[in-house]
Amino acid sequence: TSSKEMSKSKISIIYAPPQEYGYGHFERCKILFVKLSSLGYDINLSGNLFPEIDSDLTIIDYRDAVVPPKLRNGKVLLIDNFGPDRNIFIHHDVLPHPKLDLQDSLKNILFPDLLNYYTEKTESNLILTYANGRNEKESFAIDDYLYNKFGNAYEYIRIGGFEPASTNIQLIHRLSKKEFFDYLSKCSTFCTYFGQGLMEAIYLQKKILIYSISEYHTELGKYISEKSNLPFIGSLESGLETSFKFEMEKSSLALKNSGYKNLIRTIENIFTA
C-alpha cells in the first residue's frame, strides 16, 4: 500500500462507555483520534459497538467485548481485550495484565504528551480519589476509609461518585485531562482502582492506594500491587480492609512514554502487511 492510499484509509475507533468503564478508554481513544488524523487517516470516533459506517480498520478499546457480526469479516484491532476474540483478531495491549510480560506491557501504556509537563515534583497535603460511577454506599466507604486513615490534616477531593456526607470532602464530578493532571501532580496520595489514571500516577511517582470495584479489578489491582509495592486496600464489594497496616510508598515501576508510538506502528503495519 502506498502512503497516498494509506492516508485515505478509514479507521473507526470504538471506546467503552465512560459511565460503566471509566473515562480512561475514551480519553486515550480521543488522543489516538487526533494523532491518526494528523497522519492523514479518515477517523471516526464512537462509543457505539455496533457502528453504522464501514471502515478499512476498526479499533476496539472496549475491554473484553465480543466483536459484532458486522465487523468480523473486516480488519479489527483489539485493545486490552482478553475475551474470546483475543486470538481471532490482531490485539495490542496497553495496560499491564497477569497474562502479559510486565516489562513488555509497561512500554505500551498510552500516556498523553501533556503528562510530561507534570513530572517536576510539587506536593501539597491533598488526598485525591478517583471514584467515577460509584454509588452512595461505595462513595461513602472510600471517604470514610481515607478520613479514618489520614485524619483532618489533609484536604480531600473526590472525582466522581455520590455527593459526600462529610463537609471535609470536596466532590468534583468531571475534570478535563489537564485539570486532572493539575490535581494529580500536586496531591500527596492518590486513591483509585486499576486503570489509566493509576498508570499516570505511577508515571508521576505518586504515593498510591489501590481499591477494587469488581472481581476483574481485584485481580488486576492485586497483580499491580505485587509488582509495584503499592498497597491494595480491598474491594468495595466485600469491604475495604480497614485493619490493614502498611507504609505509604511510591511505586517501584519505571515507566516510559512510548505507548502511542508503538500503537501507531502496529496500526501502520496492519495497512502495509
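- Ile14 and Phe82 end up in different hydrophobic clusters when Ile, Leu, Val, Met, Phe, Trp and Tyr side chains are linked at under 4.5 Å.
- Ring planes of Phe162 and Phe140: perpendicular class, angle over 60° (limits at 30 and 60°).
- Between Leu95 and Phe194 there is a side-chain heavy-atom pair separated by less than 4.5 Å.
- A pairwise comparison of heavy atoms in Ser38 and Lys35 identifies OG-O, 2.7 Å as the closest pair.
- Ring geometry for Tyr216 against His97 counts as tilted: the plane angle lies between 30° and 60°, on a 0 to 90° scale.
- Of all non-hydrogen atoms in Leu71 and Val76, the two that sit nearest each other are O-CG2, 3.5 Å.
- Here the side chains of Ser105 and Asp93 are not in contact, with every heavy-atom distance at 4.5 Å or above.
- Between the side chains of Asn81 and His91, no donor-acceptor pair is found at a separation under 3.5 Å.
- Minimum interatomic distance between Asn262 and Lys107 (heavy atoms only, all atoms of both residues): ND2-O, 3.1 Å.
- Counting heavy atoms from C-beta on, the side chains of His173 and Glu163 come closer than 4.5 Å.
- With rounding to the nearest 0.5 Å, the separation of CD1 in Ile142 from OH in Tyr156 is 13.5 Å.
- In this structure, Ile157 CD1 and Leu126 CG are separated by 4.5 Å, a value rounded to the nearest 0.5 Å.
- Residues Ile60 and Leu49 meet the side-chain proximity criterion, which asks for heavy atoms closer than 4.5 Å.
- Counted within 6.0 Å of CG on Asn269, heavy atoms from surrounding residues, nucleotides or ligands total more than 12; the atom is thus considered enclosed.
- Ile59 is not listed as a side-chain neighbour of His92, based on a closest heavy-atom distance of 4.5 Å or more.
- Atom CD1 of residue Ile233 and atom CG of residue Leu146 lie 6.0 Å apart, to the nearest 0.5 angstrom.
- Linking Ile, Leu, Val, Met, Phe, Trp and Tyr whenever their side-chain heavy atoms come within less than 4.5 Å puts Ile109 and Ile267 in one cluster.
- Note on Leu171 and Leu128: separate hydrophobic clusters, where clusters join Ile, Leu, Val, Met, Phe, Trp and Tyr whose side-chain heavy atoms are under 4.5 Å apart, directly or indirectly.
- Inter-residue side-chain proximity for Tyr21 and Tyr62 is flagged as met; some heavy-atom pair is nearer than 4.5 Å.
- Between Asn132 and Tyr23 there is a side-chain heavy-atom pair separated by less than 4.5 Å.
- Considering every non-hydrogen atom in both Leu220 and Pro98, the closest pair reads CD2-CD, 3.6 Å.
- When each of Arg86, Lys99, Arg63, Arg28 is tested with Asp80 by the rule salt bridge (Lys or Arg N to Asp or Glu O under 4.0 Å), just one qualifies, namely Arg28.
- Under 4.0 Å is where a charged nitrogen must lie from a carboxylate oxygen, and between Lys178 and Asp182 at least one such pair does.
- With hydrophobic clusters built from ILVMFWY side chains whose heavy atoms lie under 4.5 angstrom apart, Leu255 shares a cluster with Ile208.
- Applying the 6.0 Å contact sphere to CZ of Phe150 captures more than 12 heavy atoms from other residues, nucleotides or ligands.
- Across Lys177 and Leu114, no two heavy atoms sit closer than the pair C-CD2, 4.4 Å.
- Proximity of Glu27 to Pro112: side-chain heavy atoms (C-beta onward) are nowhere separated by under 4.5 Å.
- Closest heavy-atom contact between Tyr118 and Leu204: O-CD2, 3.4 Å.
- Heavy-atom contacts from other residues, nucleotides or ligands closer than 6.0 Å to NZ of Lys256 number 12 or fewer.
- Note on ring orientation: taking the six-membered ring where Trp is involved, the planes of Tyr193 and Tyr130 are tilted (angle from 30° to 60°).
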